[in-house]
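Comments concern the structure below.
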There are 2 protein chains.
Amino acid sequence: MQVAAASQARHDAPRPPRVVPIHIVPRTAATRHDLPRCSTCAMRAICMPPGLTTDQFARLDAVICSTRSIKRGDALYRAADAFQSIYTIRAGSFKTVVIHRDGREHVTGFQIAGDTLGLDGISAGKQNCDAIALEDSVVCIIPFAQLEAVCRDMKPMQHHIYQMMSSEIVRESSQMLLLGTMTAEQRVASFLLNLSKRFKARGFSAAEFHLRMTREEIGCFLGMKLETVSRMFSKFQRERLVHANGKTVRIEDAEGLARV
Amino acid sequence: MQVAAASQARHDAPRPPRVVPIHIVPRTAATRHDLPRCSTCAMRAICMPPGLTTDQFARLDAVICSTRSIKRGDALYRAADAFQSIYTIRAGSFKTVVIHRDGREHVTGFQIAGDTLGLDGISAGKQNCDAIALEDSVVCIIPFAQLEAVCRDMKPMQHHIYQMMSSEIVRESSQMLLLGTMTAEQRVASFLLNLSKRFKARGFSAAEFHLRMTREEIGCFLGMKLETVSRMFSKFQRERLVHANGKTVRIEDAEGLARV
DNA sequence: CGCTAGATTGATGGAGATCAAATCTTGTGG
DNA sequence: CCACAAGATTTGATCTCCATCAATCTAGCG
């Protein structure tokens, strides 16, 4: 998602580019251990607590010292893998999928640059879901035991981790509300507005963006079938709320969408 | 729930009672500052990490030094209240309810003795939902800032809080799966088996228990109407999977229920 | 011991699932 | 760089599960 949006940002501001590129694309796919630096990362406002000192950033950079590239369709981790690390997305996007014994599958979330993956693995010491890349992506690897050690004497970081986990609980609560009480139309509207808000928070257009997930994945996230998702997109188009052309979406009337 | 179950346990084992009473019922409703002691609490296996030393328990007892009684139907806290503390249930049970601007209401969970409330308040510094007592209940008050301080130099406790929060994320994931993919029949079966498992973990009967919530509250938790909940109870009764008489439920065939 | 909130059961309708078919993307290999 | 196959999307027709409306019935509580 941010790859498309970043090139778009470059077109909007031809010179000099005002938007800091989200990440340095590894030169080769084999690059696994370049040196990420939280202190200079464009996403630090999203994944780090505010107001860290130079010294504190240095300690973090010592822990978060490797990245990993994942090809579209590949898994960053799978359910039941041993839990070692959490991950923040530098570039790209993911879906997290839980699979019931009987084969029922459900997408529990879509994550984009700046979001964190793997917090659900802490409880059992093993991953609880599959994390699948929706496009070629890069993540920072954060070994959790080392992070815990850092948190023990870095109060802002300690509090930040609690906040991140708590935010995830809140996000899931509102997703339960969506799944438990909303009509298909309201769910799709809510989904588009949520994505829009998150892109905006990352400096991208809130009005137009590329969906990296299929209608089926959206449906699986929203608790409905892909045909229903498609019908809702068409309905919004007829009502001039949204212009959708395949995976490109432009929100024409955000207030109208919110009133649905 | 545990009040009923505890008196039941007393009947089952007339003398000497083998089941440790879950809590000391406060003598008067006004009792707000008796001295809870984690070290001797029957629920410590559920709310505390294993293997703490006497010294470590003493430090916790210094932080968790007050309780609060909440009458049936009253709120422990409401959405938008300032977040100060988290709570563990000593006795009784609660529901947590999120309310959308437009009035849509959804029950995000039912909590019983040993469960923790309020973790979702950390992220925004204010409560995210209403916590309503389903019966007269007692909670331990854990001031969060003090807990954070303790966690900074008590590694097992630090890890335990991360685990608790992560467990909540996992619990909500599986509730999303339920809401997103299961039929009404499967949701009710899943709900009963989950309650059964939790009662069992607390030393109560897994087969027979009292529901403290109404059919409407169950429906609101499972994303269906109260009539549908009632019909599913009747259906299970016809199929000899469950015997339900109002709020008393006896699971007759747990395997059958799991196969639904 | 009577009242009222909660629970059950039946009849009917509608939102969304399912099945089907045509059209459109996309990415992969030549 | 282009063609083509596999997958994704759209749209229509029909069916089903659950919501809704309605009428008792029950039990817990003051």
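Residue numbering restarts at 1 for every chain, and letters A, B, ... go by the order of the sequence lines.
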Quiz item: If you pin B:Glu185 and A:Val229 to their nearest nucleotides in DNA chain D, which one's is more 5'?
Solution: A:Val229
Return the value, rounded to whole Å, for the distance between atom [atom1] of [X] and atom [atom2] of [N].
{"X": "B:Arg231", "N": "C:dA7", "atom1": "CZ", "atom2": "P", "result": "14 Å"}
{"X": "A:Leu211", "N": "C:dT25", "atom1": "CG", "atom2": "P", "result": "15 Å"}
{"X": "A:Ile218", "N": "D:dA8", "atom1": "CD1", "atom2": "P", "result": "12 Å"}
{"X": "A:Glu216", "N": "D:dT10", "atom1": "CD", "atom2": "P", "result": "13 Å"}
{"X": "A:Met232", "N": "D:dT10", "atom1": "CE", "atom2": "C1'", "result": "13 Å"}
{"X": "B:His243", "N": "C:dT8", "atom1": "NE2", "atom2": "P", "result": "11 Å"}
{"X": "B:Met182", "N": "C:dA17", "atom1": "CE", "atom2": "C1'", "result": "18 Å"}
{"X": "B:Met224", "N": "C:dA15", "atom1": "CE", "atom2": "P", "result": "20 Å"}

Quiz item: Do you see a donor-acceptor pair shorter than 3.5 Å between the side chains of B:Glu172 and A:Ser173?
Solution: yes
With the side chain of [X] defined as its heavy atoms from C-beta on, choose the nearest nucleotide among [options].
{"X": "B:Glu227", "options": "D:dT20, D:dT11, C:dG27", "value": "D:dT20"}
{"X": "B:Ala184", "options": "D:dC21, C:dA17, D:dC18", "value": "D:dC18"}
{"X": "B:Lys225", "options": "D:dT20, D:dA8, C:dG16", "value": "D:dT20"}

Quiz item: So, the side chain of A:Ser174 versus the backbone of A:Arg171: is there a donor-acceptor pair under 3.5 Å, distance only?
Solution: yes
Practice problem: For the pair A:Arg202 (side chain) and A:Ala113 (backbone), establish whether a donor and an acceptor sit closer than 3.5 Å, ignoring hydrogens and angles. | Solution: yes
Quiz item: Nearest 0.5 Å, what's the CD-CZ distance between A:Glu208 and A:Phe199?
Solution: 11.5 Å
Does the side chain of [X] get closer than 4.0 angstrom to OP1 or OP2 of [N] through an N or O atom?
{"X": "A:Lys247", "N": "C:dT25", "answer": "no"}
{"X": "A:Arg215", "N": "D:dT10", "answer": "yes"}
{"X": "A:Thr183", "N": "C:dA15", "answer": "no"}
{"X": "B:Ser234", "N": "C:dT9", "answer": "yes"}
{"X": "A:Ser230", "N": "D:dA8", "answer": "no"}

Self-check item: Greater than 12 external heavy atoms within 6.0 Å of A:Arg72's CZ
Solution: no
Quiz item: Which part of the nucleic acid does A:Gly223 contact within heavy-atom distance under 4.0 Å: base, sugar-phosphate only, or nothing?
Solution: sugar-phosphate
